[in-house]
Structures are given as structure tokens and as C-alpha cells.
Amino acid sequence: MNIVKETTVPTRTLLQTDAPLFDALVRFANSETVSFDVPGHKMGALNTPFRDAIGAQALKMDVNSMAELDLLSHPKSVIKDAQELAAQSFGADHAFFLVNGTTVGIHAMILATCKPGETLLVPRNCHKSVIDGMILSGVIPAFMQPEVDDHFGISHGVSVENVAQALREHPTTKALLVTYPTYFGTMTDLESICELAHEAGVTVLVDAAHGAHLKVLDKMIDPIQAGADLVTTSMHKTGGSLTQSSLLLLQGNRISADKVRKVTGMLQTTSANYLLMSSLDAARRELVLHGAEAFQRLKPIVNEAIEAIELGAHYEVLKNENVSTRFLQSQDWTKLVIRVNGLGLTGFEVYSLLKQRYGIQMELAEGYVVMAVITPADTEISIGRLTAALLDIERTYTKSHVLHSAWTVVDSVNELVMTPREAYYAEQETIAIDDAIGRISADTLMIYPPGIPLVIPGERITCEVIQHYTYYEQAFGSVLSGSKQTGSVTVVKGGY
């Protein structure tokens, strides 16, 4: 009797030079396959103005799930390999591709770690997606006040001392969510925060939407290195992938990988976009292979630009020494935060001037500042163009006084009367915001960008909230809410 021995094909070691999903998608797009599958444009078979604008190859790569391209909800081949490479590149144990941005990653982190009624510690300057995650999960928020920088008119990260105090005051806390870096590039001492939380048996979640590039920056500590348990990061913001593509990173065994996989599958579409996923794969490879060199090239260019911008004494750029001395935090130099109120102008006015007169799109404006995001796509020419425009604005538009305002930064935590979920499902009515003092909000009034709430569902609306709303709405029209009518807010009916 002949016994046939089974032979196993050795698995090829994955390398960071590989992009398994991206390469598989390109191969399929270049094949002669005739599509009777969805999507209905059939790999761009029909000549349309849209195809002319974005290119035929892009539509050839916009395909449905199939054996050779794997399935995001149950990855077994090229998506699985691409996610493993992403995890390795960030030093995590697992990586999950997200096709609805870091928003869905934040929702997944909260749902994977907290049950309804459990406490989540969170900075008051968190993103709107965190508030929505509270509504979805039914958690009870306990807010921590971030460090407020009156000079620049912005908020930084939450201090270690504030986290320690919050952990003492809320001993049954299930999880702690930290924004790292902040929208303005500030980084608190996350390593110490992780140690404190883990000693208290608390899971650490990190909104690293603006920190995909930290791993390749010299002398920077990324959230996984700092010891965080779950991290979601927007590769599309600073990592080079397409808008709406993000990563959810898991390390350690405090949270089950199966639980995270189940939650992301529940929240995400079953028709995941392959352009988005393949861009994650390709961007990860570029960042690992060339990111460090690219940022090293840009650092001296940025330093020279800062010197030129500050030469006239009307501008000031937020630098590491600013936040390390005053707040014991550090600053990501790729977030060029420029204080412009020395011109006698608001950040909103300078933002508009840069766009309308110089063709320069900044990332955001606030009362005192504008911010530019620096990535490997930048050059000496692009940075020089920004510098020249700012200097021209200084020569042309400077007023005789420095602008000051009491409403550039939110420096208080509103009273939480109901949980966000309770307020969201309560009977509601829409009223004029000027009539809303003392009412319980059923809505999120949010400054966008960056997406930080003035008030959330369940909080009592104060005079200060209304004054901040009026300031931002009149200055830039940058307050978003669930109400379709400007100047209105949805409140809990009969709730005082």
C-alpha cells in the first residue's frame, strides 16, 4: 500500500517592500476580464465625462470582492497579508483596514471595549465621532479638561495630572480615550498615561487621526510605542492614502482581536472600496520605505520658512519649546500653526485671504491661528509660496492693533444632565439658540474643522456656549449642527 505524503507549500515571508493587495488589484485591472459583476460602470467600460476626469485605470480598479482580491470582512489572502504588513510597520499585533475613515475606527474602539452604562474617560476637546460613539454604545462620558493655550487661542492635550485625577475620581472607568496628537500637533506624555491607566486596569484608546506619520519622524513616539491598546489613525491625512481610508491598530491582549474584527465588520460596508484599501497598502509601503528620508529633507526647509515668517514680528509659529516649557508636552513640527492675530486680523480672515488672493488652501483657521499640514508631497517651492504669501499679507494688511477675543478657545466643561444616548432618543424640539440658555441639548454644536463640540447631547446649554457659537458662526460660518436652520438648536423637550 502506497502512502501519499501531503506536502505543504512554504509561505513566503512578507516584506515591507511588498504591497500584496495593491499589486493584485493592478493585475486584475490590467487583465482582459469581461465584467458582468457590480459596480454597474463595469470597470469603466462606458466612456463618460467622469471617466475622462479621473482616468480609465481608476475605474478599472473600482471592483467588487472576488477570490483573487479577498474579502475585507473575512480576509484570507491579499487583504490579510496587507493588514499584517500594516501591523508590522506600526509595531502592532493586528491591523484592520477601515473604509469609512477614523470615524468608524473610533466607534469600533468604543464598542469593542465598553458596555452600555460603563464609564469612558475622554478629553473635552474630542472629535465629534467620539460623541457619536457614546450615543451608539450607551457609555457614560467623564470629561477631562485639556491644557488651554490662551496665547495661541487653542487647546493642547490632556496633562498626565488631569488623567491621574480623573482615574482617581472615576475608579470604575472601563476605558480612557486620548487624542494624540491633537489636531494642532500637540503630544502629551502618552507613555506615562498608558502606565497610569494600565495600573488601574483601564484600557487605553487613542484617536491618532493626525499621527499616521509619527512612526517615521525622528525623535517622535507613536501611540503603539507609547503602550496604547487600540489606536485608530487616518492614513489619508498624513500617510498618503486616499481620503476616507484609515487603520485600526491593536496590540496586547487586553482586547480580543476577534471582538475588534466583529465590531468593524458590523460597522463597515460589506462592499468595501478596493481603491481605498489598495491605497492603504501602497501608502504604507511608501511611508515605510521613503517616509523618514522625505521628512528629513523637509525639516530644514520648514525651519527656514519659520525664520522668514517670524522675521517681521507680527507672526509667531507654535514650536516644541512653546509647549514643552508651558505645558510639558511636545509639538509635531509638520503641523505649522501660525499665530496671526498680531496683524490685527483673525485666523479666519487670513485663511480667506490666502485662499482668495494667493490660491493657497490651509488646513484650518481659528480665532488667532491658521494651520498648514506638511507632508512628503510638499517641496521647497510649495512651502516658499506659503511663506511669500504670508509676508505679503503682513506688508499689505497689517492693522495698528493686536487682535484679542474672549471666545477663541473653549475653557469649560458643560454640565452633563443626561447621557448622550438618553438625550439623543428623548423627545425633542428645535428652538432659536438665543432662547436655549438652561435647556438640555439634544444636538451636537461642532466647530468644523476640526470637529470639536461646543455642546453635546445631554449637556446643559450655557450663555458661554451661545457666545462661542455666535463668535464662530459670524467669523467663519464654521459651526455644524443637526438643525437645518442657522441660529437654531435641537433640545430635549421639556428638559431644564
Side-chain angles (χ1 to χ4, degrees), residues 98 100-144 166 170 172-179 203 205-207 209 230 232 234 244 246 248 255 259-260 262-269 410 413-431 433 436 439-462 465 469 479-484 488-495:
L98 306 176
N100 194 29
T102 292
T103 289
V104 78
I106 288 172
H107 295 168
M109 290 196 301
I110 296 172
L111 287 167
T113 55
C114 298
K115 297 176 183 177
E118 291 183 326
T119 301
L120 173 69
L121 288 182
V122 62
R124 188 56 186 82
N125 62 336
C126 64
H127 189 263
K128 177 184 181 293
S129 58
V130 178
I131 309 303
D132 293 340
M134 295 174 186
I135 295 171
L136 290 170
S137 64
V139 301
I140 300 172
F143 288 112
M144 302 174 291
H170 303 277
T172 61
T173 294
K174 181 71 174 186
L176 162 71
L177 190 146
V178 180
T179 307
T203 302
L205 317 177
V206 177
D207 171 4
L230 262 179
T232 186
S234 299
Q244 206 172 302
S246 292
L248 182 57
I255 308 166
K259 179 70 173 292
V260 176
K262 181 183 291 186
V263 170
T264 55
M266 179 175 67
L267 295 173
Q268 296 208 100
T269 176
V410 178
V413 176
N414 305 316
E415 178 191 3
L416 188 70
V417 185
M418 307 169 67
T419 70
R421 187 181 180 91
E422 288 170 341
Y424 180 83
Y425 284 108
E427 191 174 358
Q428 303 169 2
E429 61 181 338
T430 299
I431 62 174
I433 193 165
R439 299 294 297 271
I440 301 170
S441 179
D443 199 359
T444 300
L445 296 181
M446 174 185 65
I447 305 166
Y448 190 86
I452 294 172
L454 296 173
V455 69
I456 69 169
E459 287 184 338
R460 195 178 303 282
I461 299 171
T462 64
V465 167
Y469 174 93
V479 181
L480 302 184
S481 72
S483 174
K484 295 180 181 179
S488 298
V489 63
T490 304
V491 297
V492 174
K493 197 168 185 178

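For the pair S441 (side chain) and D443 (backbone), a donor-acceptor distance under 3.5 Å is present. A donor-acceptor contact shorter than 3.5 Å links the side chain of Q428 to the backbone of A423. Under a 3.5 Å cut-off, the side chain of E459 and the backbone N or O of I456 do form a donor-acceptor pair. Side chain of N414 to backbone of L454: a donor-acceptor contact under 3.5 angstrom is found.
Contact check for T103 versus L98: no side-chain heavy atoms found under the 4.5 Å cut-off. T179 is not listed as a side-chain neighbour of H127, based on a closest heavy-atom distance of 4.5 Å or more. Proximity of K174 to L120: side-chain heavy atoms (C-beta onward) are nowhere separated by under 4.5 Å.
For the residue pair S234 / T102, a side-chain donor-acceptor distance below 3.5 Å is found, with atom types taken as modelled. There is no side-chain donor-acceptor pair under 3.5 Å between T430 and S488.
Each of V130, L136, L230 was checked for a side chain to side chain contact (heavy atoms under 4.5 Å, CB included) with I110, and the lone residue meeting it is V130. Each of V206, T264, V263, L248 was checked for a side chain to side chain contact (heavy atoms under 4.5 Å, CB included) with M109, and the lone residue meeting it is L248.
To the nearest 0.5 Å, atom CD of residue Q268 and atom CE of residue M266 are 11.5 Å apart. Atom NE2 of residue H170 and atom CD of residue E118 lie 15.0 Å apart, to the nearest 0.5 angstrom.
Remark: R421 pairs with no residue by the salt bridge (charged side-chain N to carboxylate O under 4.0 Å, His left out) rule, at least two apart or across chains.
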